[in-house]
Amino acid sequence: MLRTYYAVRPVLPRSMQIAMRRAFARVQERTTFPRWPFEPALHDLFDRMLAYVAAAVGEEVPYLLPWPNGARWALVLTHDVEHAAGCDRVPEVAALERSVGLRSSWNFVPRRYEVPEMLLSTLHRDGFEVGVHGLYHDGRDLAPETFAERMPVMQAMGREWGAVGFRSPATLRNWELMPQLGFDYDSSYPDTDPYEPQAGGCCSILPFFNRNIVELPITLPQDHTLFTILRRDGAGAWIEKAEAIRERGGMALLITHPDYMDPDALAAYRDFLVRFADANDVWRALPRDVSAWWRRRAGSLPVRENGGWRVEGAAAGEASVAFAAPG
């Protein structure tokens, strides 16, 4: 069905594509697991397991908190640029982010449109990140019959652009192929999303490893889903989910598309940014920084010393130790 949809999509009017997605959404939203917009089951399980371990050993169990330098949670902004018209909108959205002191990552499609060299240079100069968003955005980048041919080209474009991150178009994903991407990190797995062509999710609001690659899950609803498919208004859904992630100490990672940012969507994005721009408990980070941190954290552990605990390893000086009580 996916192959058929992507084969005929180029000749379908945009209005028909949206109508088909809205009709299919009524089927997709019947999914009971993972729940949307937030599924806490995995992290509830982690908490329960730590409590059981603490009960078994008869004392509190140390572990490393998820984020560096005392941050309670992380906020990560990303954009998928699907068409040349999206490229034209990048400066406007980037200027909005700069105005509130934030930066983001921009994922471009190398063979679908021309990405101006001046745009890439400006983004790098101003502290933004650039990533690779497939090769043609035709749903076949991770297909077994095309992966081996396309992956070297995408890797070469990543090197040319100074990109270390990848996102699969339409968040199509393959657990076995992802570690072969050759990028430092991937960000194609939603925590929960029944509305994507490949529905479901990893249930994690924290990064995780798939062998050699760091996965940065998409944890906030996509703008296209909210505003176009579900016809929601405003930043309320983003803010509500971000607050839930904040409470659980997770990573709020958002995708927006400059291609679809009409004035209402841009206003909602502005409201979301302003809400958290000055929060003093959040780590506002680029995806590449989160990936690098997660690797340092994975290479560290808490060590008992002189009746207390310290962090030993690559994250020493950044990571903090917390304790799980018996329960």
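Throughout, residue positions are numbered sequentially from 1 according to the sequence presented. Remember, it's a predicted structure, so these values are computed and weren't measured experimentally.
Val214 and Leu65 sit in two unconnected hydrophobic clusters of ILVMFWY residues. Membership requires side-chain heavy atoms under 4.5 Å apart, directly or through other members. The cluster map of Ile, Leu, Val, Met, Phe, Trp and Tyr, joined by side-chain heavy atoms under 4.5 Å apart, puts Trp309 and Val53 in different clusters. Linking ILVMFWY side-chain heavy atoms closer than 4.5 Å, directly or via other members, places Val90 and Ile255 in two distinct hydrophobic clusters. At a threshold of 4.5 Å between side-chain heavy atoms, the hydrophobic network of Ile, Leu, Val, Met, Phe, Trp and Tyr places Phe38 and Phe276 in one connected group. Both Phe208 and Ile205 are members of a single hydrophobic cluster when ILVMFWY side chains are connected at heavy-atom separations under 4.5 Å.
Between Ala252 and Ile245, the shortest heavy-atom distance links the atoms N-CG2, 3.8 Å. Residue Leu119 comes nearest to Cys87 through the heavy atom pair CD2-O, 4.1 Å, listed as atom of the first residue, atom of the second, then distance. The two residues Ser168 and Phe166 come nearest to each other via the heavy atoms N-CE2, 3.5 Å. Nearest heavy-atom pair across Glu215 and Pro217 is O-CD, 3.3 Å. Contact detail for Gly317 and Asn69: the closest heavy-atom pair is O-OD1, 3.9 Å. Between Asn212 and Pro179 the shortest heavy-atom distance is OD1-O, 3.1 Å.
A donor-acceptor pair is defined here as one N or O able to donate and one able to accept, closer than 3.5 Å; no such pair exists between the side chain of Ser105 and the backbone of Thr78. Under the 3.5 Å distance criterion, the side-chain polar atoms of Ser300 are matched with a main-chain donor or acceptor of Ala314. In this structure, the side chain of Gln155 engages the main chain of Leu181 through a donor-acceptor pair within 3.5 Å. Side chain of Arg295 to main chain of Asp184: a donor-acceptor pair is present (N/O by atom type, distance under 3.5 Å, no hydrogens or angles). Put simply, the side chain of Ser188 never gets that close to the backbone of Thr171: no donor and acceptor are under 3.5 Å apart. Panel note: side chain Trp238, backbone Pro221; a donor-acceptor pair is recorded below 3.5 Å. Within the 3.5 Å criterion, the main-chain N or O of Ser187 finds a donor-acceptor partner in the side chain of Arg167. Listed for the Asp259 side chain is a donor-acceptor partner under 3.5 Å among the backbone atoms of His83. Judged by distance alone, the side chain of Lys241 and the main-chain N or O of Thr219 form a donor-acceptor pair under 3.5 Å. Between the side chain of Arg89 and the backbone N or O of Tyr260 there is no donor-acceptor pair closer than 3.5 Å.
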message: Between Glu240 and Arg232, is the salt bridge (Lys or Arg N to Asp or Glu O under 4.0 Å) condition met? List the steps.
response: CA-CA 14 Å; Glu240 182 177 353; Arg232 302 278 186 91; over 6 Å; no
task: Take Glu97 and Ser104 through the side chain to side chain donor-acceptor pair (under 3.5 Å) test and state the conclusion after the steps.
output: CA-CA 8 Å; Glu97 293 170 346; Ser104 61; 2.6 Å; yes
- prompt: Should Asp80 and His137 be marked as a side-chain contact (heavy atoms from CB on, under 4.5 Å) after you check the CA-CA gap, both sets of side-chain angles, and the distance that decides it?
  reply: CA-CA 11 Å; Asp80 291 349; His137 209 292; over 6 Å; no
message: For Arg275 and Glu243: C-alpha separation, side-chain torsions, deciding distance, then whether salt bridge (Lys or Arg N to Asp or Glu O under 4.0 Å) applies.
response: CA-CA 11 Å; Arg275 173 64 176 259; Glu243 290 291 1; 3.1 Å; yes
message: Run Asp141 and Leu172 through side-chain contact (heavy atoms from CB on, under 4.5 Å) and show every step you take.
response: CA-CA 9 Å; Asp141 293 317; Leu172 299 174; over 6 Å; no
message: Determine whether His43 and Ser204 satisfy the following criterion, side-chain contact (heavy atoms from CB on, under 4.5 Å), listing intermediate values before the conclusion.
response: CA-CA 7 Å; His43 296 284; Ser204 179; 4.0 Å; yes
- request: List the steps and the verdict of side-chain contact (heavy atoms from CB on, under 4.5 Å) for Leu45 and Met49.
  value: CA-CA 6 Å; Leu45 175 63; Met49 289 175 62; 4.0 Å; yes
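Counting only heavy atoms from C-beta outward, the side chains of Arg246 and Val282 never approach each other to under 4.5 Å. Looking at heavy atoms from C-beta onward, Pro68 lies out of side-chain contact with Arg297 at the 4.5 angstrom threshold. At least one side-chain heavy atom of Leu254 sits under 4.5 Å from a side-chain heavy atom of Tyr269. Contact check for Leu77 versus Phe128: no side-chain heavy atoms found under the 4.5 Å cut-off. Counting heavy atoms from C-beta outward, Leu75 and Phe272 have side chains that approach closer than 4.5 Å. You'll find the side chain of Phe227 stays beyond 4.5 Å of the side chain of Asp264, heavy atoms only. Annotation: side chain of Val290 is in contact with side chain of Trp67 (closest heavy-atom distance under 4.5 Å). Side-chain atoms of Glu129 and Asp289, non-hydrogen and from C-beta on, never get closer than 4.5 Å to each other.
Remark: Arg173 qualifies as a cation-pi partner of Tyr189 under the 6.0 Å distance and 45° angle criteria applied to the six-membered ring.
Using modelled atom types and a 3.5 Å distance limit, the side chains of Glu82 and His224 yield no donor-acceptor pair.
Rounded to the nearest 0.5 Å, atoms CG (Leu216) and CG (Leu206) are 11.0 Å apart. To the nearest 0.5 Å, atoms CE (Met154) and NE2 (His133) are separated by 11.5 Å. Of the inter-residue distances, the one linking Asp223 atom CG with Thr225 atom OG1 reads 8.0 Å to the nearest 0.5 angstrom. Note that OH of Tyr113 and CG of Asp88 are 10.5 Å apart. Values are rounded to the nearest 0.5 Å. Between the OH atom of Tyr136 and the CZ atom of Arg150 there is a distance of 6.5 Å, given to the nearest 0.5 Å. Rounding to the nearest 0.5 Å places CZ of Arg211 at 11.5 Å from CE of Met178.
The neighbour count for Glu60 CD, taken as heavy atoms of other residues, nucleotides or ligands under 6.0 Å away, is above 12. Other residues, nucleotides and ligands place no more than 12 heavy atoms under 6.0 Å from the OH atom of Tyr52. The number of heavy-atom neighbours closer than 6.0 Å to CZ of Arg310, taken from other residues, nucleotides and ligands shown, is above 12.
A ring-centre distance under 6.0 Å is not found for Trp294 and Tyr185.
Salt-bridge check for Glu247 with Arg72: passed, with a basic side-chain N closer than 4.0 Å to an acidic carboxylate O. For the pair Asp138 and Arg111, the salt-bridge criterion is not met [side-chain N within less than 4.0 Å of a carboxylate O].
Taking a 4.5 Å side-chain heavy-atom cut-off between Ile, Leu, Val, Met, Phe, Trp and Tyr, the cluster of Leu301 extends to Val303. Taking Ile, Leu, Val, Met, Phe, Trp and Tyr as hydrophobic and joining them when side-chain heavy atoms fall under 4.5 Å apart, one finds Leu42 in a cluster with Phe46.
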